[in-house]
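In this text, all values refer to a predicted model and were calculated from it rather than measured experimentally.
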Amino acid sequence: MTKTFGKVLGLISFITIILILAACGNGAGSENGPSSDSSDSSNGSDSGEEKVLKLATSADFPPFESRTPEGEFEGFDIDLANLIADELGYELKIEDMKFDGLIGSLQSKRVDMVMAGMSMTEDRRKNVDFSAEYNRSGEMFISKPDAGIDSLEDLKGKTVGVQLGTIQQEGAEKLKDEYGFEVKKLDSANILIQELKSNRIEVGYMDKSVAKGYVKEQGLEGFDDPTTSSPGMGIAFPKGSKLVEDVNDVLKKIEENGKLAELKDKWLSEE
């Protein structure tokens, strides 16, 4: 009996040690596991301990958003997003993705807001909420200097490149039959410029502020689209987001105190 009892006691002690070690392991996991900012982000991480604001952008759209040679985000939207986060007391975290995936990231509540030079079209308003307008650019057609493309009539028979999912894609689709050109949809503005320089397209159709930067840097030429007046740009949020009102208050404040104008002078000035 004594020997059997000893075996049983030893087994109980062994099991107790295993349970203690397992409990310690679970405790360590909770400390190093997902922080509060990885929870549902639909309310700007309001329910978490850390105040993290998750921003999605498509960093191929200078001067609004792009990356430095070191890989850091920069641009008008990036500076504005940081300013908004500071005013509201959030830590800003930025996620880079393709433009045509941005609306989906809001619908799935993967991020809190989107800033990507996004025009506030009626179709987009069906799926997301927008802030007040913070910028308005217009559109431009760009081409190589020797292309001889100076008007809409010159587009006949040409291939016009547009970025997938943008308002420029919508605009080009409306104009193509009237002016006799083909539309080629591309994943990013950078790819569009590469296609233009390598003669795989003859024309690019882009946001005016973005196009002017490429015209200056790449020695291209361009003319304004005379047919449309684009919707202004807005910050996009998931439907029903509580952040919209707070962000609008910040936009109003920085417009009144001149900080928004300072950012436009820094990034969007034609000089």
Are [X] and [Y] close enough that some pair of their side-chain heavy atoms sits under 4.5 Å apart?
X      : Y      : answer
Lys156 : Tyr179 : no
Pro62  : Glu74  : no
Val160 : Ile201 : no
Ile191 : Asp60  : no
Glu65  : Asp96  : no
Val210 : Pro63  : yes
Leu175 : Val183 : no
Asn135 : Phe64  : yes

May I ask whether [X] and [Y] are part of the same hydrophobic cluster, defined by side-chain heavy atoms of I, L, V, M, F, W, Y residues being less than 4.5 angstrom apart, directly or through others?
X      : Y      : answer
Met206 : Phe76  : yes
Leu192 : Ile149 : no
Leu55  : Leu260 : yes
Leu92  : Ile254 : yes
Leu164 : Phe181 : no

Which pair of non-hydrogen atoms, one from [X] and one from [Y], has the smallest distance, and what is that distance?
X      : Y      : result
Ser131 : Val244 : CA-CG1, 4.5 Å
Val162 : Ala172 : CG1-CB, 3.8 Å
Arg67  : Gly71  : NH1-O, 2.6 Å
Ile167 : Glu139 : CG2-OE2, 4.0 Å
Phe130 : Ser119 : CZ-O, 4.0 Å
Leu196 : Val203 : CD1-N, 3.8 Å

key: Partner of Val250 under side chain to side chain contact (heavy atoms under 4.5 Å, CB included), chosen from Lys259, Glu255, Glu87   =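 The single option meeting the side chain to side chain contact (heavy atoms under 4.5 Å, CB included) with Val250 is Glu87.
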task = For Ile103 and Met118, run side-chain contact (heavy atoms from CB on, under 4.5 Å): C-alpha distance rounded to whole Å, both residues' side-chain angles, the deciding distance at 0.1 Å, then the answer.
result = CA-CA 10 Å; Ile103 296 294; Met118 184 174 284; 3.9 Å; yes
key: Test item: side-chain donor near acceptor, Ser108 and Arg110, under 3.5 Å   = no
query = Between the side chains of Tyr134 and Asn248, is a donor N or O closer than 3.5 angstrom to an acceptor N or O?
reply =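 Result is no, nothing qualifies.
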Does atom [atom1] of [X] have more than 12 heavy-atom neighbours, drawn from other residues, nucleotides or ligands, at distances under 6.0 Å?
X      : atom1 : value
Lys158 : NZ    : yes
Gln107 : CD    : yes
Glu245 : CD    : no

Expected output: side-chain [X] to main-chain [Y] donor-acceptor under 3.5 Å:
X      : Y      : value
Thr57  : Met115 : yes
Glu95  : Ala56  : no
Ser58  : Met97  : yes
Asp150 : Phe223 : no
Asp224 : Pro226 : no
Asp86  : Leu83  : no
Asp129 : Phe237 : no
Ser241 : Leu243 : yes
Gln169 : Gly165 : yes
Lys239 : Arg125 : yes

What distance do [X] atom [atom1] and [Y] atom [atom2] have between them, rounded to the nearest 0.5 Å?
X      : Y      : atom1 : atom2 : answer
Ile84  : Leu53  : CD1   : CG    : 8.5 Å
Asp207 : Lys212 : CG    : NZ    : 10.0 Å
Ile94  : Ile78  : CD1   : CD1   : 4.0 Å
Asn82  : Leu263 : CG    : CG    : 10.0 Å
Glu221 : Asp146 : CD    : CG    : 8.5 Å
Lys197 : Leu220 : NZ    : CG    : 7.5 Å

ask   = How far apart are the C-alpha atoms of Lys176 and Glu173, what are their side-chain angles, what is the distance that settles it, and do they pass the salt bridge (charged side-chain N to carboxylate O under 4.0 Å, His left out) test?
value = CA-CA 5 Å; Lys176 66 177 183 178; Glu173 295 287 356; 3.0 Å; yes
key: Plane angle bin for Tyr205 and Phe141 - parallel if under 30°, tilted between 30 and 60°, otherwise perpendicular   = parallel
key: Lys/Arg-Asp/Glu bridge criterion (N-O < 4.0 Å) met for Lys252, Asp249   =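 Between Asp249 and Lys252 there is no salt bridge, as every charged N stays at least 4.0 Å from the carboxylate O atoms.
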Check against side-chain contact (heavy atoms from CB on, under 4.5 Å), Val111 and Leu106 = CA-CA 6 Å; Val111 297; Leu106 291 172; 3.8 Å; yes
